[in-house]
Protein chains: 2
Amino acid sequence: MNPTIKDVAKHANVSIATVSRIVNGLPGYSEETKKKVQQSIEALGYQPNAIARGLINKRTQTIGVLFPDVSGMLSSEVLEGVENAAHDGGFSVIVCNTTSSGKRTVKYLRLLQEKRVDGIIFASEDVKEEYYKIFQEMKVPVVLVSTASAKYDLPFVRVNDFDGAFQATEYLIHKGHKVIGMIGGSEEDPIAGVPRMQGFQKALESNGLTYTKYHITKNEGYRFQNGKESLPQLLKELPNMTALFAASDEMAIGAMSAAHQLGIRVPEELSIIGYDNLKIAEMCYPPLTTVSQPLKDMGQTSCEMLVSMIKGEKQEAKSRYMPFTIVERQSVSDLHDK
Amino acid sequence: MNPTIKDVAKHANVSIATVSRIVNGLPGYSEETKKKVQQSIEALGYQPNAIARGLINKRTQTIGVLFPDVSGMLSSEVLEGVENAAHDGGFSVIVCNTTSSGKRTVKYLRLLQEKRVDGIIFASEDVKEEYYKIFQEMKVPVVLVSTASAKYDLPFVRVNDFDGAFQATEYLIHKGHKVIGMIGGSEEDPIAGVPRMQGFQKALESNGLTYTKYHITKNEGYRFQNGKESLPQLLKELPNMTALFAASDEMAIGAMSAAHQLGIRVPEELSIIGYDNLKIAEMCYPPLTTVSQPLKDMGQTSCEMLVSMIKGEKQEAKSRYMPFTIVERQSVSDLHDK
DNA sequence: GAGAATTACGTAAACGTTTACGTAGAACGC
DNA sequence: GCGTTCTACGTAAACGTTTACGTAATTCTC
């Protein structure tokens, strides 16, 4: 098997305690023995065993990350940030794909509990009571990213969706649009669904434009297909609509795709603004104007928060709203120009 | 702290050995004590400590996955498959983002070694000697996904890129195209770069079409931007080109984007076929015809192979070429129809 | 130059499991 | 009824570390 600290000790003719001290940079040995031991380590190719270490330190230097959809573009950008910060902080990350079904989440949480992860990042999903109980049992820090919890006091990192939607809508209004529709998410979704619809509604109303429930189509998810199917619906309700706000980039691009098929030119006949700023937003044609969530940053800061909580620096890290921006590309036209 | 096996033993008035046997389903106790112990486990909320278990079993039930670009769409789809299979096999996955630079790869490999992962999945990157040495030191199974190694005998899971490129090109030829360009990857890349160019060349030549080095633009990467910049170049060399094969979907979509800007209609004036079949392939407009790599499947089977190697079922799992297919969408026109 | 403080180690317990081995009692064979 | 084989446990070592504590030798203090 791999050489252990004992082998090194024997080889260098010292005790294991001394080797341990040298490996961990603790004081208590001469320069001479240090060299001797380091040579033995080299010679044997010794690598400390993190498992044994974890057992005694009660620290695994590992965090768990739960995503409802690992392969989703949103998740993967957040993951990149998380992984980055974790690595910088000396942690590894175990990814768990909860597949947006509850049963698997609990299984994963139990697994992470058994593996004694030092902390958890929980993404894009609502925190159910069941989950929260396990969090408490585990007694490890948890931070929510791209979600939040009304019921439980857990630190989160996200953008203010109400404001984001509000400003996206006002952006369209300022471009001279008067009849604006929205492709929305789910009314059941208190995180990304409802606030974006409310922001949209508020923007219309505070700018003196009419708002009815027919201005929004509701969807189960936030996928391409949802957007594609929503456009015709919306068009039926609002035939003279000149612009629309989609609650996700995927839906926005779905709508663009539907528009192409219907022979509606974007942005000449229909302006579209999205939400997320995924990588695809600049790849589609026309490039999508959208509300940019700093996804990677969000992953990164959430992980930094978690790490500092683990290290005990901040017992109660406080939640953060991340800044969003509207990135202007070419899917929105300015009616004033005509 | 969390209750340990000792606490359970005390609570149930048995020895820790008995508790261990019951927890692990080994024989050697009466139904009566089993019940008693299970009740104690319930009462205390005992969860076995996987770290302690790992220490003694020399099995962590964890695998490491190395990607050069975690947030890339290709990686994330593969990751989903890997995660899935790992979970089914009772393993957790630690993700590592090697960021396509070598230095970090070695650091990660060392880390995985310290954490005593049971196996490694290595994706989309060339296996350098340095890495291979560590693989050997670690003495754990490794499987390559979406890559392969000429020098080292490591099992891989991938598609045959030469064939894929060949068929993609023939697809265009069968649609009546005579002047076909390619947006290629890197000549330095023996995995995804060279074989795809060779497949392209071979297809042209065996169908009696002219091939020159000007038929291919070479690129450092496989990204959107590479494709976008390549189209004008290619058009300069081949002004009467009617179709092109891009070595990745991102590049294909980059080319589509450039075409839009240049006022070239796809597919009427220019047909484009991609490679990968990422999710964006069906989201762009027009939807991209492309050669489909079963990304998720590849992740899944590579992980299944790894797990069975870990379990010792197959000492030497053999490499697998996965089937690709050409999925026809709307970015290629049939010249015979005119 | 004697006592105190410091340095440079070594010893052994602890972390939470698994498991080889031992053993007392029960069941069995005849 | 006596030896044998099971059954149902318990004991203790082992996995590879960290670390509190002990101790001998060295250095310092005056």
Side-chain angles (χ1 to χ4, degrees), chain A residues 1-38 40-41 44-62 90 111 113-118 138-139, chain B residues 1-38 40-41 44-62 90 110-118 138-139:
Chain A
M1 264 297 115
N2 286 316
T4 75
I5 199 171
K6 264 183 209 167
D7 300 320
V8 176
K10 203 170 295 171
H11 187 274
N13 247 315
V14 296
S15 76
I16 59 171
T18 300
V19 178
S20 175
R21 278 188 277 258
I22 289 168
V23 169
N24 293 299
L26 300 173
Y29 46 82
S30 66
E31 270 304 308
E32 197 186 356
T33 50
K34 180 176 175 182
K35 243 167 224 164
K36 205 170 49 173
V37 168
Q38 280 174 336
S40 298
I41 288 176
L44 300 176
Y46 167 71
Q47 290 285 129
N49 182 328
I51 300 301
R53 238 179 209 174
L55 182 56
I56 196 153
N57 290 336
K58 289 157 177 321
R59 273 285 201 82
T60 53
Q61 300 296 113
T62 304
L111 203 118
Q113 187 176 16
E114 292 194 8
K115 293 238 162 117
R116 299 299 193 260
V117 295
D118 298 328
M138 291 178 75
K139 299 187 196 80
Chain B
M1 265 297 113
N2 286 316
T4 75
I5 198 171
K6 265 183 208 167
D7 301 319
V8 175
K10 203 170 295 174
H11 188 273
N13 245 317
V14 295
S15 74
I16 58 172
T18 300
V19 177
S20 175
R21 280 188 276 257
I22 289 168
V23 169
N24 294 299
L26 302 172
Y29 46 82
S30 67
E31 269 305 307
E32 197 184 354
T33 51
K34 179 175 174 181
K35 243 170 224 160
K36 205 170 46 171
V37 168
Q38 281 174 335
S40 298
I41 288 176
L44 300 177
Y46 167 71
Q47 291 284 130
N49 183 328
I51 301 298
R53 234 178 214 177
L55 182 57
I56 197 154
N57 288 338
K58 291 160 174 320
R59 273 287 201 82
T60 53
Q61 300 296 117
T62 303
R110 290 288 173 210
L111 203 117
L112 294 175
Q113 187 176 17
E114 292 194 9
K115 292 241 162 113
R116 299 300 194 261
V117 295
D118 298 329
M138 291 178 73
K139 300 189 196 77

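Lettering of chains follows the sequences in order, A, B, ..., and the numbering in each one begins at 1.
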Notebook entry, point to check: Quick check: are there more than 12 heavy atoms from other residues, nucleotides or ligands sitting under 6.0 Å from NZ of B:Lys36?
Noted result: yes
Nucleotide by nucleotide, nucleotides 15-26 of chain D touches protein heavy atoms under 4.0 Å in the pattern (B base, S sugar-phosphate only, - none) BBBBB-------
Overall bend of the helix from C:dG1-D:dC30 to C:dC30-D:dG1 (five pairs an end, 10° steps) is 30°
Which value, rounded to the nearest 0.5 Å, describes the distance between [X] atom [atom1] and [Y] atom [atom2]?
{"X": "B:Leu55", "Y": "B:Ile51", "atom1": "CG", "atom2": "CD1", "result": "9.0 Å"}
{"X": "A:Asp118", "Y": "A:Lys58", "atom1": "CG", "atom2": "NZ", "result": "11.5 Å"}
{"X": "B:Arg110", "Y": "B:Glu114", "atom1": "CZ", "atom2": "CD", "result": "9.0 Å"}
{"X": "B:Gln47", "Y": "A:Leu111", "atom1": "CD", "atom2": "CG", "result": "10.0 Å"}
{"X": "B:Arg53", "Y": "B:Thr60", "atom1": "CZ", "atom2": "OG1", "result": "13.0 Å"}
{"X": "A:Ile16", "Y": "A:Arg21", "atom1": "CD1", "atom2": "CZ", "result": "10.0 Å"}

The single option from B:Val37, B:Val8, B:Asn2 that satisfies side-chain contact (heavy atoms from CB on, under 4.5 Å) with B:Tyr46 is B:Val8
Taken to the nearest whole Å, CD/B:Glu32 to C1'/D:dT7 is 14 Å
